[in-house]
Amino acid sequence: GTRGPFPNTIGTDAWYQNMGNANYNALQLTLKRTTGPLTLLASYTYGKSLDQSSSIQEQVYPYNFGEEYALSAFDIKHNFVVSYNYELPFAKLFGKTNRLTDGWSLSGITRFASGLPVTFASFGDNALVYVQNNGVNSVSIDLPNYTPANLQINHNPRNGQPYFNTSLFTPNALGTQGNAKRRFFYGPGIDNFDVALHKITKLTESKSLEFRFETFNTFNHAQFYPNGSVDGNINSPTFGHVLKAAPPRIGQVALKLTF
């Protein structure tokens, strides 16, 4: 309805160009230690990734490429991961070695990380360039207007309140792209524990039976998806709210016969 008197049924003829810049810098530290029955691997990354487009959904504003240069959708500023395997000393505890006491181990992966960036978009083609349909997705290149002020990040999204101060964002005016960066702050972080108890029982020289009991998100900690914090249409009542979360605690049991 922004191109009157011409009807919306008039089609378009798109032209695409593969272009863009990406930049990643990081400090990466790794520690590996094996001592007796314990094997430990710890890693920490402090990094930053910037680009003009992180996926086919994000098309670059054709009149100012620099306006699209922002945090990558997958950027994680801090990422600390520890994996471990501990051979349980049941044989020593019970004073004997047999098929029942041998082969027990406890392993897991623990991760603490900062959240992914919150992605903004403002649908409606207020920019009047109609760069929307890329053949796979139909996502606008528009961005909202942003008034710099305290974002008032909500560190407890469980309360149902917006994750950030939505009053700082307004629809971009006709003929403009909007001055907000596509991504410029981060969503909720990651705090996750995956744990497995497993036992390998030697049956013969060439055959063994492995039992595993595994739990993912062992402590059932809510992991909120930061991209769900933004609805895209900033006039929507869900704009600014966290809409999705990672799966809750999941447990599984497995048996594997090796021969």
Side-chain angles (χ1 to χ4, degrees), residues 20-33 40-55 57-58 67-84 107-121 143-144 146-169 179-195 215-232 234 238-250:
N21 295 297
N23 183 21
Y24 176 72
N25 293 281
L27 167 69
Q28 299 176 344
L29 302 174
T30 301
L31 172 66
K32 185 176 182 180
R33 174 71 172 170
L40 183 69
L41 176 65
S43 63
Y44 169 73
T45 301
Y46 173 65
K48 188 173 185 179
S49 179
L50 298 162
D51 60 33
Q52 288 172 315
S53 176
S54 295
S55 70
Q57 290 182 318
E58 298 177 2
E67 287 298 316
E68 300 291 323
Y69 193 66
L71 293 171
S72 302
F74 47 82
D75 180 57
I76 295 180
K77 188 174 183 180
H78 300 281
N79 190 29
F80 177 68
V81 181
V82 176
S83 60
Y84 55 89
S107 64
I109 300 175
T110 300
R111 183 185 185 192
F112 300 101
S114 53
L116 295 167
V118 175
T119 299
F120 287 95
L143 292 169
Y146 167 63
T147 302
N150 186 359
L151 286 166
Q152 300 176 10
I153 298 298
N154 176 15
H155 296 287
N156 182 26
R158 299 171 183 82
N159 59 21
Q161 300 300 313
Y163 180 68
F164 55 87
N165 185 359
T166 58
S167 66
L168 304 179
F169 299 86
N179 64 5
K181 287 289 187 181
R182 188 172 298 279
R183 286 173 288 268
F184 63 97
F185 65 94
Y186 295 86
I190 299 170
D191 177 359
N192 188 71
F193 295 81
D194 298 333
V195 180
T215 58
F216 304 93
N217 192 8
T218 302
F219 299 108
N220 205 30
H221 182 74
Q223 314 286 345
F224 295 109
Y225 283 139
N227 287 345
S229 301
V230 178
D231 182 72
I234 63 176
T238 59
F239 174 68
H241 289 263
V242 173
L243 304 179
K244 298 179 181 179
R249 180 193 301 116
I250 297 175

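Remember, predicted model here, so these are calculated numbers, not experimental data.
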Start with the C-alpha distance between E68 and N21, add both sets of side-chain angles, then the distance that settles side chain to side chain contact (heavy atoms under 4.5 Å, CB included), and finish with yes or no. CA-CA 10 Å; E68 300 291 323; N21 295 297; over 6 Å; no
Determine the minimum heavy-atom distance between [X] and [Y], stating which atoms define it.
X    : Y    : result
N79  : V81  : OD1-CG2, 3.8 Å
S72  : D51  : OG-OD2, 2.8 Å
Y186 : V118 : C-CG2, 4.1 Å
T166 : G240 : CG2-CA, 3.9 Å
A42  : V82  : CB-CG2, 4.0 Å
A113 : R111 : CB-NE, 3.9 Å

How long is the gap from [atom1] on [X] to [atom2] on [Y], to the nearest 0.5 Å?
X    : Y    : atom1 : atom2 : value
F224 : N154 : CZ    : CG    : 9.5 Å
I153 : F185 : CD1   : CZ    : 5.0 Å
S54  : R182 : OG    : CZ    : 9.0 Å
N179 : Y146 : CG    : OH    : 9.5 Å

[X] and [Y] aromatic centres sub-6.0 Å:
X    : Y    : result
F164 : F239 : yes
F112 : F193 : yes
F120 : F169 : yes
Y163 : H241 : no

Report, one line per pair, each donor and acceptor closer than 3.5 Å where one atom sits in a side chain of residues 24-33; sequence neighbours left out.
{"from": "N25", "atom 1": "ND2", "to": "N23", "atom 2": "OD1", "distance (Å)": "3.2"}

So, does [X] use its side chain to make a donor-acceptor pair with the main chain of [Y] at under 3.5 Å?
X    : Y    : value
D194 : N217 : yes
N220 : R249 : yes
S114 : H78  : yes
Q223 : D191 : yes

Can you tell if the side chain of L116 reaches within under 4.5 Å of the side chain of D75, non-hydrogen atoms only?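 When only atoms from C-beta onward are counted, D75 and L116 do not touch, as no gap falls below 4.5 Å.
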Please evaluate residues H221 and N192 with respect to the criterion side chain to side chain contact (heavy atoms under 4.5 Å, CB included), reporting the C-alpha separation (whole Å), side-chain torsions for both, the decisive distance (0.1 Å), and the verdict. CA-CA 7 Å; H221 182 74; N192 188 71; over 6 Å; no
Begin from the C-alpha positions of K48 and L71 and carry the test side chain to side chain contact (heavy atoms under 4.5 Å, CB included) through to its verdict. CA-CA 8 Å; K48 188 173 185 179; L71 293 171; 3.6 Å; yes
Begin from the C-alpha positions of Q52 and Y69 and carry the test side chain to side chain contact (heavy atoms under 4.5 Å, CB included) through to its verdict. CA-CA 4 Å; Q52 288 172 315; Y69 193 66; 3.8 Å; yes
Has K77 got more than 12 heavy atoms of other residues, nucleotides or ligands less than 6.0 Å from its NZ?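 Counting other residues, nucleotides and ligands, NZ of K77 stays at 12 neighbours or fewer.
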CZ of F216: more than 12 outside heavy atoms within 6.0 angstrom?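 Counting neighbours around CZ of F216, more than 12 heavy atoms of other residues, nucleotides or ligands fall under 6.0 Å, so yes.
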